[in-house]
Protein chains: 2
Amino acid sequence: MLSKKTKYAFHALTYLGKNKDQGAILISEISEKHNISHKFLENILLELKKAGFLGSKKGKGGGYYLIKEPREIPLSRIIRLLDGPIALLPCVSLNYYEPCEECENQEQCGLNKVMIEVRDETLKILEMKTLQDILSNE
Amino acid sequence: MLSKKTKYAFHALTYLGKNKDQGAILISEISEKHNISHKFLENILLELKKAGFLGSKKGKGGGYYLIKEPREIPLSRIIRLLDGPIALLPCVSLNYYEPCEECENQEQCGLNKVMIEVRDETLKILEMKTLQDILSNE
DNA sequence: ATAAAACCTACAAATTATATAGAGTAAATG
DNA sequence: CATTTACTCTATATAATTTGTAGGTTTTAT
């Protein structure tokens with residue numbers, strides 16, 4: 001399951017996507033519409049900004065706004081950013097690889113092999129689906 | 001990512017699958033081969049037994065053994081048993097459904113719609129791949 | 001009877017996720 | 001230029017979950 005952090009990130013991105021032409025949007029506005037703790041959401045939006053998805057403006061009239069096209073934001077990027085690996089095991093993760101402690105020889109591990117296939121199939125979906133798909137469904 | 005519990009379960013099932021014709025196998029044997037805490041593994045094997053995947057024999061000469069065909073144990077069943085939902089959101093889980101707290105109207109939620117598609121694609125893989133596939137790769 | 005090994009319940013420790021606090025910085029405005 | 005607004009940053013607190021441990025109970029073979 002996704003963490004709340006990631007789920008909230010999707011809600012926020014969706015909201016910003018829907019209101020793309022309204023300029024900067026307040027954290028408060030998003031947090032109220034989606035019943036998300038203001039401060040918690042603050043951290044999330046900041047991460048999304050640092051990762052290059054959002055822009056922001058400080059001071060009165062400030063807020064956040066999308067700086068990428070929704071179709072250029074695949075689910076995989078958001079999930080990786082906030083939740084970490086998409087792979088089911090550390091030993092098959094592309095972005096967060098770590099060997100499994102209990103495994104003496106990864107090369108001979110059948111679980112490893114199968115999980116690579118699962119990862120590849122999962123990635124196909126999560127890289128294909130984008131924020132645009134979420135927006136199209138609202 | 002899978003929990004260690006689920007990962008260990010797969011290791012244990014694989015070990016039991018490989019040694020299918022050796023009769024009952026000790027928890028200790030599996031825990032030593034895979035560097036898994038004996039007591040922790042005990043709990044896991046018990047769950048697998050209660051769920052109908054394993055049989056056991058108590059007392060001297062006892063141990064655990066597979067009572068299902070490896071090809072009849074899809075990854076999805078083990079993951080669901082030990083880790084819970086496969087879906088990325090509670091509101092799209094088939095076996096552990098819960099509405100999202102922050103969501104006023106699930107019917108109008110684009111994230112919900114997209115995550116249903118992701119779930120269906122993920123399930124395709126996890127229901128197709130079985131313990132047999134792991135065994136074939138060792 | 002004894003030893004071996006699964007079974008069971010409860011708890012402890014560690015880790016991670018979620019949320020909050022409070023001061024700092026930048027921008028707008030009158 | 002003072003004030004208000006709202007994002008930025010770091011640190012910490014709280015809660016939940018995962019991981020692991022303890023210790024006894026039951027069953028079985030010899």
Side-chain angles (χ1 to χ4, degrees), chain A residues 1-9 11-12 16 22-32 34-51 53-67 79 81-85 88-90 96 98 100-102, chain B residues 1-9 11-12 16 22-32 34-51 53-67 79 81-85 88-90 96 98 100-102:
Chain A
M1 298 259 280
L2 297 181
S3 66
K4 291 194 174 181
K5 213 167 159 180
T6 301
K7 185 166 58 160
Y8 293 164
H11 283 311
L16 292 174
Q22 317 250 342
I25 306 236
L26 293 182
I27 297 175
S28 319
E29 186 177 337
I30 305 173
S31 78
E32 281 164 20
H34 285 283
N35 305 316
I36 303 171
S37 142
H38 177 102
K39 277 295 198 175
F40 195 35
L41 186 57
E42 220 177 76
N43 296 330
I44 296 166
L45 294 178
L46 200 50
E47 277 198 76
L48 289 170
K49 183 198 168 178
K50 287 180 180 167
F53 299 104
L54 304 181
S56 67
K57 230 180 104 186
K58 285 185 180 179
K60 197 164 188 178
Y64 280 98
Y65 47 89
L66 263 187
I67 58 175
I79 294 176
L81 177 67
L82 297 164
D83 258 4
L88 292 182
L89 295 179
Y96 299 85
E98 275 182 55
C100 286
E101 294 165 8
E102 80 281 6
Chain B
M1 298 258 282
L2 297 180
S3 67
K4 291 196 174 182
K5 212 167 161 182
T6 302
K7 185 167 58 162
Y8 293 164
H11 283 311
L16 293 173
Q22 317 252 339
I25 306 233
L26 293 183
I27 297 176
S28 319
E29 186 176 338
I30 306 174
S31 77
E32 281 164 22
H34 284 284
N35 305 314
I36 302 172
S37 143
H38 177 102
K39 277 296 199 174
F40 194 34
L41 186 56
E42 217 178 81
N43 296 331
I44 296 167
L45 293 178
L46 200 52
E47 277 197 77
L48 288 170
K49 182 196 170 181
K50 286 180 181 166
F53 298 105
L54 303 181
S56 68
K57 230 180 103 185
K58 282 186 181 178
K60 199 165 188 176
Y64 281 99
Y65 45 90
L66 262 187
I67 58 174
I79 295 175
L81 177 66
L82 297 164
D83 259 5
L88 292 182
L89 294 179
Y96 299 85
E98 275 181 55
C100 287
E101 294 166 8
E102 80 282 4

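Labels below follow one simple rule: chain letters A, B, ... track the order of the sequence lines, proteins then strands, and each chain is numbered from 1.
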(message) In this structure, how many angstroms lie between the P atom of D:dT17 and the CE atom of A:Met1, rounded?
(response) 10 Å

(request) Answer with base, sugar-phosphate or nothing: what part of the nucleic acid does A:Lys39 contact at a heavy-atom distance below 4.0 Å? (result) base

(request) Consider the side chain of A:Lys5, meaning its heavy atoms from C-beta on, and name the nucleotide among D:dC9, C:dT18, D:dT19 that approaches it most closely. (result) C:dT18

(request) Would you mind reading off the distance between B:Ile27 atom CD1 and D:dT21 atom P, rounded to a whole angstrom? (result) 14 Å

(request) Kindly indicate whether the side chain of A:Thr6, heavy atoms from C-beta on, has any atom under 4.5 Å from the side chain of B:Leu88. (result) no

(request) Report the distance from atom CG of A:Leu46 to atom C1' of D:dA11, rounded to the nearest whole Å. (result) 15 Å

(message) Quick check on DNA chain C: between A:Gly59 and A:Tyr8, whose nearest nucleotide comes earlier from the 5' end?
(response) A:Tyr8

(message) Contact between A:Lys4 and B:Glu101 at the side-chain level, heavy atoms closer than 4.5 Å - yes or no?
(response) yes

(request) Report yes if the side chains of B:His11 and B:Ile30 come closer than 4.5 Å at any heavy-atom pair, otherwise no. (result) no

(message) I'd like to know if the side chain of A:Ser28 pairs up with that of A:Ser31 as donor and acceptor (distance under 3.5 Å, no hydrogens or angles considered).
(response) no

(message) Assess whether a salt bridge exists between B:Lys39 and B:Glu42, defined as any Lys/Arg side-chain N lying under 4.0 Å from an Asp/Glu carboxylate O.
(response) yes

(message) Nearest whole Å is fine: how far is D:dT27 P from B:Lys57 NZ?
(response) 16 Å

(message) Distance check needed: C:dA6 P versus B:Leu16 CG, whole Å only.
(response) 11 Å

(request) On DNA chain D, check which nucleotide each of A:Leu45 and B:Gly61 is closest to and give me the residue with the more 5' one. (result) A:Leu45

(message) Looking at A:Ser37, I'd like to know whether one of its side-chain N or O atoms comes within less than 4.0 Å of OP1 or OP2 on C:dT18.
(response) no

(message) Assuming nearest nucleotide by heavy-atom distance, tell me which of A:His38 and A:Lys58 is located more 5' along DNA chain C.
(response) A:His38

(request) State which of C:dT20, D:dG24, C:dA6 makes the closest approach to the side chain of A:Phe40. (result) C:dT20

(message) So if I take every side-chain heavy atom of A:Ser3 and compare against D:dT19, C:dT18, D:dT28, which nucleotide ends up nearest?
(response) C:dT18

(request) Looking only at side-chain atoms of A:Glu42, point me to the closest of D:dC9, C:dC8, D:dA6. (result) D:dC9

(request) Using whole Å, report how far CG of B:Leu41 lies from P of D:dG20. (result) 11 Å

(request) Scan A:Lys7 against the nucleic acid and name what it touches under 4.0 Å (heavy atoms): base, sugar-phosphate only, or nothing. (result) nothing

(request) Between C:dA19, C:dA27, D:dT28, spot the one nearest the side chain of A:Lys4, thanks. (result) C:dA19

(request) For A:Asn43 and C:dA17, give me the distance from atom CG to atom P, rounded to whole Å. (result) 14 Å

(message) If I take atom CD1 in residue B:Ile25 and atom P in nucleotide C:dA4, what distance separates them, rounded to the nearest angstrom?
(response) 19 Å

(message) Just N and O in the side chain of A:Lys60: are any of them under 4.0 Å from OP1 or OP2 of D:dT3?
(response) no

